[in-house]
Structures are given as C-alpha cells and as structure tokens.
There are 2 protein chains.
Amino acid sequence: MSDKSHPPDHGLDRAVGFVPPGLDSLVLDSNSQFSVTDRVHRALRCAIIDVQLAPGAPISENSVCRQFSVSRSPVRSAIQRLAEEGLVEVSPQRGSFVAPLHLEQLHDSHFVRRTLELALLRETAAIWTPAMGETMRALLAKQERLLLERDADAFLEEDHVFHRTLAGLSQREGVWPAIETAKTSMTRFHRYWAQMDRLADVLAEHSMVIDALERGDSAAAEAALAAHLDMVFVILDGIPKEQRRLMPF
Amino acid sequence: MSDKSHPPDHGLDRAVGFVPPGLDSLVLDSNSQFSVTDRVHRALRCAIIDVQLAPGAPISENSVCRQFSVSRSPVRSAIQRLAEEGLVEVSPQRGSFVAPLHLEQLHDSHFVRRTLELALLRETAAIWTPAMGETMRALLAKQERLLLERDADAFLEEDHVFHRTLAGLSQREGVWPAIETAKTSMTRFHRYWAQMDRLADVLAEHSMVIDALERGDSAAAEAALAAHLDMVFVILDGIPKEQRRLMPF
DNA sequence: GTGTGGATACTTGTATACTAGTCTTTTCGT
DNA sequence: ACGAAAAGACTAGTATACAAGTATCCACAC
C-alpha cells in the first residue's frame, strides 16, 4: 500500500537486516500518545487479521525490531499480548508464528459468538424502545450506502459496529468482550475467504432482525439473527474437502 | 494464613528491599521444567484468585522481583499476562494493581458462563450415552466423599472439574476456554464470599442435572443447570447494600 | 495558615547484552 | 558415497541499566 516496490535482493540483506515477506511494508503510526508496545501490537494485530501475515507465518522478534526500528522489549511485549489473544503461537527457542485457523476452532468460536449474541438479543427484545430502533435504522442506512458504493471493507467494518451496537443495547456491556474475542478469528477468516456477493444478503438479514424487534416479535428476531449467524456455518461446511487441505487451517 | 505476624517495621525494610503484605509468603515452585515467567505467572495468579492478594492491592514489579529473587523481565511478562486475563490493571508510570471485582462485571461474566454452559448442555443431551453417565456419576461420588470430609477447597476444585467435564462432553472443546475466562472472576468472588453451607445443595443440584440427562429429559436437565447457576445471581443480589460499599467491588 | 515549587522516591517503559536451546549445514571420518 | 558429529546461525528467555512519568512530602514564600 505504501512502500510497494520490494528492494532488490543484493544477497546482503540478510547480513544487514533481512525482513521476511509480510512484515515489510508495515509501519508504525507515529502517534506517540501510545507506547511503542501498543503501536507494535496494533500494527501486528491488524496485519494478522487482514491476513497480510498469513497463518503459520513466522514472526521473529528480531525481524519486527528491524522493521520498526525499535528494541526487542516492546516487540516482545506486543507479541506476548498477541499470544494471549490467540493470534500468535510462540514455541520457546524455536520461534513465534501466526496462529493457524483450524476449522474446528472456527466452528467453536462462532458457536460462542452465536450463543452469546442470541442470548443478548433476547434481553434486548425485552427492553426494546423506539429510540433503539432509530439507532439501529441509522446503522442500516449507512450499510445500504456502503453497499451501493461497493466499499466492502467499510461494509464489513459497519457489520462489526452493527453487531456491537445491538449487543450493547442489552445493558450487559461486560458481555461484548467475550463476543469480540470469539469473533476475532472469524474476522480473519472473512478476510481470507471473502464473499463479496453476500453483502446484500447480510444487509437484508440485518434488516429482518431490526424489523422483528420493532414489531415486538422477540421470537422472530431471534430466529432472524440465528439464521443470519448460521450462514457462517453454511459457508464453513461448504468449503470443499480438497481446499481444506490446501488451506493453512 | 501462613505468616500471620507482620514483621516489625524497623524503618530499614524499605531500604533493604521491602515486600508489601500479600506478596510475602509467596514462593515459586522450583520445577524448572517451566520458564521463570510461567512460574511467576502461576504464583501471582493463584494468589490473586485465592484473594491472598486483595482486589486493589498494588503489585510493583520490583517488589515481585525481590520476593522471588528474579529479574524484572519475567516478572514483567507475567504481570502483562495477568493484565490480559483481566486479573491485573496496569497504569503506566503509576503502578500495577490487582483488578477490583465489580459487581456488574461479575453479573455479566456469570451471564456469559451460564449462557454457554446451558448451550453446551443442550448439545450434550442430544448425544448422551451411558458411558457419559458413568463418568459424571464418578465425579458426583467424589464430591459426596469430599462433602463428608468437609474439605471445602477440594470440593470447589471438584466443582470446577464437574463443570469442565460436563462441558467437554459436548464435543465442542473450543468453547471451554471462553467459559473458564468468564468463570475466573467468579472463582475469586467465591474465595472472598465463601458459603460453606451451600456445598450440600451444590451436590444435590449437580445430581439433578445428571439424573435428568440419564432419564433423557433434556428440558429438565437444562432447567436444573439453569437453576443451579442462577443461585449465583441470588447470592450476588443478596449482598446487603451497605456491605457493597465496604467491599472492594 | 495556606499554597506553591521542587527534591525525592517511587512507578512502568525501553534498550541492550548475554544465556541457552533448536535447527541447518558443513565437515570429517568411515 | 554416506553417516555422524560439530560448528554456526538462528530462536526466545533472562538480567540489567537507563529513561521518563507520577505521587508525596517538605521547605519556603506569602
């Protein structure tokens, strides 16, 4: 995106400071309001979720040091954070690697997300107010605009906001972090296995949930959200067997 | 519990290497199979969950260094891990502190746990086999023995095993970590607000769940588990208002 | 008495050197 | 030619020194 041209390989790069593919073209935002650790963490996290850093790719602490021109301490901290988040696996004295995306783990993560979001929706339906309807309608309108503009990235971002906002209406703020944790690996998968043609369906399904809520039909809302979220299972199970072997799952 | 007598303050302790209360009497298991980071992490984690380290208590990196006679690097790593787990809050240039137990957060955490365990139980009920029954019966027997021996700590440990095993039967192994995360803060609370007289009830409630499963009555099993888990809400809401203010919540 | 400034003693954040383990590659003996 | 051992180039783990921000306390001016 920024430094597009790979520097020519003089055979000396390794001695001077070789940066593996996937790590190059990564930059730290210079906002020094945050600590170096925070910025490295964010940069790597985005790269992993965007699949710029492929599952299984090695992340040597020293490589990251060289890339960002910082010492190992903050890099190490950042990588440890990523390890806690399940985005990186570190094996002592061997190396750190971007966590693979196991299909079964994706199933279970999405099960967690689905279960929790449905439970929160039930709570929300019980306390639904017209003001909530307006809030969600505004989000739907934004999604519709982005759909017309064919801005898939922004749409996916708004999808995230939609689910977070809907969950937040339940007055159980403390539940969202658990959902987000479960959602992260699925976001990685989405970047990997993009399905552009589904965006319109997604918007329609979102609308059905809100429609049902505004009608006061709790059961229909739950069914609509369940159907929406279950599409992920359909997609996961639709991956051909031979492709599964090729994938870094 | 162990070193009850605080050493007299000679005014020199601070210069030599003062170790704050709660941190003294903590030792590292000498099993060098694990890294120093792992051992420090485990020691602090246990201390926090057992409420040896009270909510809000300061955890200075240097204090821990002195206590365990190790350098700051592994201590720092351990504390960062705890911060990721939500057991410690670190504010830069100010200090690190044992995370407080907010009542609302406890509510939400337990909501997550309850929701997920119930969802898994439904899955388990659908694939129930006699072998599973034997497994769970064995655990119930162990609980009964510990109840007779009045070994509360061991009983609570077995309670944990019971729920983990039951959840594991669902063939969704990946869900348990999410439950455990949510369960952790509640475990801290249990240590703080011990209710010895409930142990017998707990065993009875566990039995009801297994009984229903063995009868093949899925709905009854869910209801029994829900009732069991909802007792936590009853306990939480039963805390007198004036006590809430005194507690470090 | 009161408020302000600064010295001081903390805290965590960062940089760097060194340790120890793993994997590859090379070299030497058979 | 082939196999085993050793040398080297990696890796993450640990120890230590220093930088930079924060809170406290005390002296001092008003």
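Lettering follows sequence order; numbering is per chain, from 1.
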Just report the end-to-end axis angle for the helix from dG1(C)-dC30(D) to dT30(C)-dA1(D), five pairs per end, to 10 degrees. 20°
So does L166(A) get a backbone contact from the side chain of S170(A), meaning a donor-acceptor N/O pair under 3.5 Å? no
Test your reading of the model: is there a side-chain donor-acceptor pair from H110(B) to the backbone of L229(B), 3.5 Å cut-off? yes
Shortest non-hydrogen contact from F97(B) toward G56(B): CD2-O, 3.7 Å
Please give, in whole Å, the distance from dA20(D) C1' to Q33(A) CD? 17 Å
Nearest heavy-atom approach of P100(B) to P55(B) is CA-CB, 3.9 Å
What is the minimum heavy-atom distance between F233(B) and R114(B), and which atoms define it? CE1-CD, 4.0 Å
Which parts of nucleotides 11-17 of chain D does protein reach within less than 4.0 Å, heavy atoms only, written one letter per nucleotide 5' to 3' as B for base, S for sugar-phosphate only and - for none? BBBBBBB
Donor-acceptor pair, S63(A) side chain versus I59(A) backbone, under 3.5 Å? no
Salt bridge between D38(A) and R45(A), side-chain N to carboxylate O under 4.0 Å? no
Given 3.5 Å as the limit, does a donor-acceptor pair link the side chain of T184(B) with the main chain of E180(B), or not? yes
